[in-house]
Amino acid sequence: SDNTKEGFLSRMALNDNKAGMEGLDRDKINKIIMETSKGSRFYENELKKEQQVNQRIEKMMLQKAQITEQQLKKAQAQVERVALELERSRDLTRVIVHVDMDAFYAAVEMRDCPELKDKPMAVGSMSMLSTSNYHARKFGVRAAMPGFIAKKLCPNLVIVPPNFDKYRAVSDEIREIFADYDPHFQPVSLDEAYLDFTDHLEKRQSWPEIMFYYDSIAPFTLLGIAPNMMLAKVCSDKNKPNGQYVLPSTREAVMDFVQALPVRKVSGIGKVSEKMLNALGISSCSHLAQQMALLSLLFSETSWHHFMQVSLGLGSTYIPRHEERKSMSTERTFKELSKVEEQLSLCRELCEDLAEDMKKEDLKGKTVTLKLKNVNFEVKTRALTLQYAVATADEIFAVAKDLLKMEIENESPQPLRLRLMGN
DNA sequence: GCGGATCAC
DNA sequence: TATGGTGATCCGC
């Protein structure tokens with residue numbers, strides 16, 4: 001858990017996990033990112049969060065140092081029992097497909113404006129980019145990067161404002177096709193879905209011509225084909241751009257595949273989990289399996305059970321029906337807002353927007369949550385659960401207003417200096 | 001139930 | 001000049 005002596009933060013450095021990032025000058029790119037960010041409030045907050053993660057890791061390492069041989073042995077036995085049980089549940093009979101339209105927004109924009117095809121381009125704004133094409137990726141320009149930094153990396157970058165209605169329309173066309181192959185397919189986002197192809201394959205005995213259709217819409221279409229959802233997701237990432245990867249449905253093929261898999265590739269293991277695992281000497285899923293007894297002592301049951309499933313190449317073999325939503329929210333970022341009257345009227349506006357969205361789905365809710373982010377990027381949420389469900393703007397505002405007033409009071413005589421509000 | 005964190009897209 | 005919005009889940013109170 002060495003600190004940030006290198007001069008840059010692991011949370012901010014270039015994420016070359018994505019495709020199209022091979023063979024570029026990481027050091028040079030990171031230097032530009034850091035120089036552009038340094039000293040900003042955003043950077044300072046990232047630094048603070050990084051320290052917190054480091055502390056978490058230190059705490060974990062202390063715990064590790066206190067583990068006895070005895071405890072480890074007992075844990076090992078437990079781990080082996082669970083592994084046997086999980087092994088019995090292994091099902092290799094399903095054919096699960098994960099479809100991912102790589103650089104989807106950028107691909108749609110290039111389809112509609114062919115001049116963009118030869119240029120580095122990204123969809124988004126100077127504040128934030130949603131995605132970039134492969135020309136731009138060569139410069140280190142990627143999703144979730146602010147446009148003004150991207151411009152430093154690639155001065156000729158063309159930034160196209162997003163047209164979500166258009167992406168939705170394209171997505172709807174594609175989803176109609178999905179439904180032909182699996183009426184129960186699960187959309188993850190506009191450009192991503194899971195399908196169960198098992199029944200389709202039994203009926204037609206052949207692979208569909210699905211790829212050709214996508215090619216006319218979005219040139220980068222990725223298919224991952226595997227016996228479960230976890231593996232299918234990783235497989236679709238395998239042959240970027242524009243490819244497919246089929247993982248055979250045998251235990252041996254699955255285990256070989258998983259051995260070599262870096263933990264960060266697994267959905268659900270993000271930056272922080274990766275860093276914690278790295279601190280324990282774990283970077284690939286084979287390490288994960290080797291260290292499972294230790295992990296069972298350092299992580300929650302939910303966490304290490306998940307790790308265990310991953311290390312065995314197990315995942316969900318049925319695609320869950322789209323479930324009922326559990327929350328609905330709306331939030332907005334703006335220039336500093338410190339006047340109480342302005343904060344209250346913004347809060348009312350947000351409540352009205354939210355009420356409108358809720359009306360569309362005929363929803364009600366019992367818990368009202370207020371979200372605040374100050375100019376230093378520190379986030380706070382304040383919630384209140386009622387005995388009855390509310391739906392109108394007035395009802396929501398009545399609660400949100402009190403939560404907001406409490407926070408203002410709490411800070412006074414200093415004003416709340418906000419950059420974001422949501423509820 | 002609450003609040004902070006993590007994660008995915 | 002400038003670092004998003006939405007939804008879900010988990011952990012430790």
Side-chain angles (χ1 to χ4, degrees), chain A residues 9 11-12 15 17-18 33 36-46 48-50 52-53 55-56 59 98 100-105 123-131 142-152 159 161-162 164 167 171 187-194 233 237 264-276 299-306 320 322-336 350 353-354 357 363 365-373 375-387 403 407 419-423:
Chain A
L9 304 161
R11 11 184 351 111
M12 298 194 65
N15 169 13
N17 197 19
K18 286 267 174 195
I33 295 176
T36 313
S37 298
K38 207 152 221 165
S40 67
R41 286 168 165 157
F42 177 82
Y43 178 93
E44 293 303 320
N45 189 250
E46 290 298 299
K48 207 179 86 187
K49 287 197 276 183
E50 172 113 355
Q52 278 178 34
V53 171
Q55 278 176 21
R56 242 178 101 179
K59 213 173 120 188
H98 179 255
D100 181 343
M101 256 88 66
D102 199 23
F104 180 52
Y105 299 171
V123 177
S125 69
M126 283 301 255
S127 298
M128 186 54 58
L129 302 180
S130 296
T131 185
R142 54 167 166 74
M145 176 182 275
F148 72 92
I149 290 181
K151 277 282 199 183
K152 293 232 158 126
I159 297 180
F164 287 110
Y167 312 143
S171 184
V188 180
S189 62
L190 288 183
D191 69 322
E192 218 180 286
Y194 288 96
K233 167 85 176 139
D237 185 67
R264 185 67 176 86
K265 294 277 183 189
V266 177
S267 180
I269 300 182
K271 267 183 195 172
V272 174
S273 304
E274 181 193 27
K275 198 170 174 184
M276 294 187 66
F299 288 81
S300 70
E301 193 178 66
T302 328
S303 293
W304 77 261
H305 277 194
H306 179 241
H322 191 63
E323 282 159 38
E324 219 177 312
R325 75 153 66 234
K326 295 177 175 153
S327 70
M328 180 178 268
S329 66
T330 166
E331 66 188 61
R332 223 166 288 152
T333 294
F334 37 76
K335 280 199 198 136
E336 176 170 349
L350 288 164
D353 290 352
L354 181 61
D357 290 345
L363 285 173
K366 286 180 70 170
T367 302
V368 177
T369 304
L370 174 74
K371 178 174 171 180
L372 303 172
K373 192 193 280 180
V375 291
N376 293 320
F377 291 84
E378 293 161 340
V379 176
K380 250 185 213 171
T381 60
R382 292 291 175 262
L384 192 67
T385 301
L386 311 163
Q387 277 131 342
L403 292 171
E407 283 314 299
R419 80 179 325 272
L420 173 147
M421 194 187 293
N423 57 42

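Here the structure is a predicted model, which is why all the values come from computation and not from measurement. Convention: sequence-line order gives letters A, B, ...; per-chain numbering from 1.
Between A:Phe164 and A:Tyr105, the angle of the ring planes goes over 60°, which puts this pair in the perpendicular group of the 30/60° scheme.
Closest approach to the A:Arg325 side chain among C:dG7, B:dC2, C:dG4 is made by C:dG7 (side chain taken as heavy atoms from C-beta onward). Among the nucleotides C:dG5, C:dA8, C:dA2, the one closest to the side chain of A:Glu331 is C:dG5. In the set C:dT3, C:dC11, C:dT6, the nucleotide with an atom closest to the side chain of A:Phe42 is C:dT3. With B:dT6, B:dA8, C:dT3 as the candidates, the nucleotide lying closest to the side chain of A:Val53 is B:dT6. In the set C:dT3, B:dG4, C:dA8, C:dT3 carries the atom at the smallest distance from any side-chain atom of A:Pro146. Set against B:dG3, B:dA8, B:dC9, the side chain of A:Thr381 has B:dG3 as its closest nucleotide. Closest to the side chain of A:Ser40, out of C:dC11, B:dT6, C:dT3, is C:dT3.
Nucleotides B:dC7 and C:dG4, compared at atom C1', are 15 Å apart to the nearest Å.
Backbone-only contact: A:Ser273 has heavy atoms under 4.0 Å from sugar-phosphate atoms and none from a base. Nucleic acid contact class of A:Leu420 (heavy atoms, under 4.0 Å, all strands): sugar-phosphate only. At a threshold of 4.0 angstrom between heavy atoms, the contacts of A:Lys49 with the nucleic acid are absent.
A:Asn376 places its CG atom 13 Å from the P atom of C:dA2, with the value rounded to the nearest Å. In this structure, the CZ atom of A:Arg419 is 9 Å from the P atom of C:dG5, given to the nearest Å. To the nearest angstrom, P of C:dG7 lies 6 Å from CE of A:Met328.
Put simply, the side chain of A:Ser37 and the base of C:dT3 share a donor and an acceptor less than 3.5 Å apart.
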